[in-house]
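What follows is one structure encoded as structure tokens, with my remarks underneath.
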Amino acid sequence: MRYFLDRIYMTAAWTSAFTILAIAILISAQIFLNFATRVFGLPLPSTIPSYADFSGFMLAAATFLAMPYTFRSGGHIKVSLVTARLPRKARLWAEIISLCGAAFLTSFAVYYIWVLVAESIHFNDLSTGTVPIPLWIPQSVMGIGMSLLCVAVIDSLVQTIARGEPVITASEEV
């Protein structure tokens, strides 16, 4: 199970990385088209329709898909001013309570993101750009990323309880 979950987190992270690359390619193509038509007068369209919408949707996807891997690898900011001074047992309990709170909050967010997706499908919500995109598509990617983050938090909680020590260690704690 550990290998399976780690592969899922890594797949989401790589998907996020390729999405960032797609944003860079899209924006670069827009800049090239704008430059080519204005400076050289080439008979090309000067704008990629809805490129700002597409890049925004891809940025949201990249952000949410990167969160589970970042969380599990200790990349999120962890403030340990108080917990670093606690005894080992109290530090473990603080970690467990924090993970329980994070599990609750991410579960709450997952529920409402999927409610938003269902409403977007029900009302046939479309983006307002030149190219109308059904909003449930980028919202679903956001829901997948948040769902994976919720799984990662619960996974970390279960592992922390089973091991009796925190499983997420950041290289640099504040």
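When a residue number appears, it is its place in the shown sequence, counting from 1. Everything quoted here is computed from the prediction, not taken from an experiment.
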For Phe35, ring-ring contact (aromatic ring centres under 6.0 Å, His included) partners two or more places apart: Phe40
For Phe64 and Leu149: C-alpha separation, side-chain torsions, deciding distance, then whether side-chain contact (heavy atoms from CB on, under 4.5 Å) applies. CA-CA 8 Å; Phe64 279 87; Leu149 177 62; over 6 Å; no
Would you say Ile168 and Gln159 make side-chain contact, with heavy atoms under 4.5 Å? no
Could you work out the complete set of other residues in the hydrophobic cluster of Val158, with links drawn between I, L, V, M, F, W and Y side chains under 4.5 Å apart? Ile154
Criterion side-chain hydrogen bond (donor to acceptor under 3.5 Å, both in side chains) on Ser120 and Gln139, from CA distance to verdict: CA-CA 9 Å; Ser120 293; Gln139 290 169 351; 2.6 Å; yes
Verify the cluster assignment for Ile31 and Ile48: are they in a single hydrophobic cluster under the rule of side-chain heavy atoms below 4.5 Å apart? yes
Pair listing, salt bridge (Lys or Arg N to Asp or Glu O under 4.0 Å) test, anchored in residues 131-152, at least two apart: none
For Arg2, all residues meeting salt bridge (charged side-chain N to carboxylate O under 4.0 Å, His left out), sequence neighbours excluded: Asp6, Asp155
Ile113, Ile137: one ILVMFWY side-chain cluster at the under-4.5 Å cut-off? yes
Run Ser50 and Ile133 through side-chain contact (heavy atoms from CB on, under 4.5 Å) and show every step you take. CA-CA 10 Å; Ser50 293; Ile133 304 295; over 6 Å; no
Joint hydrophobic cluster, Ile8 plus Val141, side-chain heavy atoms closer than 4.5 Å: yes
Out of curiosity, does Ile96 fall in the hydrophobic cluster containing Val167 (side-chain heavy atoms, cut-off under 4.5 Å, transitive links)? yes
All ring-ring contact (aromatic ring centres under 6.0 Å, His included) counterparts of Phe108, not counting sequence neighbours: Tyr112
Joint cluster assignment, Tyr111 & Met146, ILVMFWY side-chain distance < 4.5 Å: no
pair Trp114-Ser147: side-chain heavy atoms closer than 4.5 Å: yes
Residues 80-92 vs salt bridge (Lys or Arg N to Asp or Glu O under 4.0 Å), sequence neighbours excluded, gives none
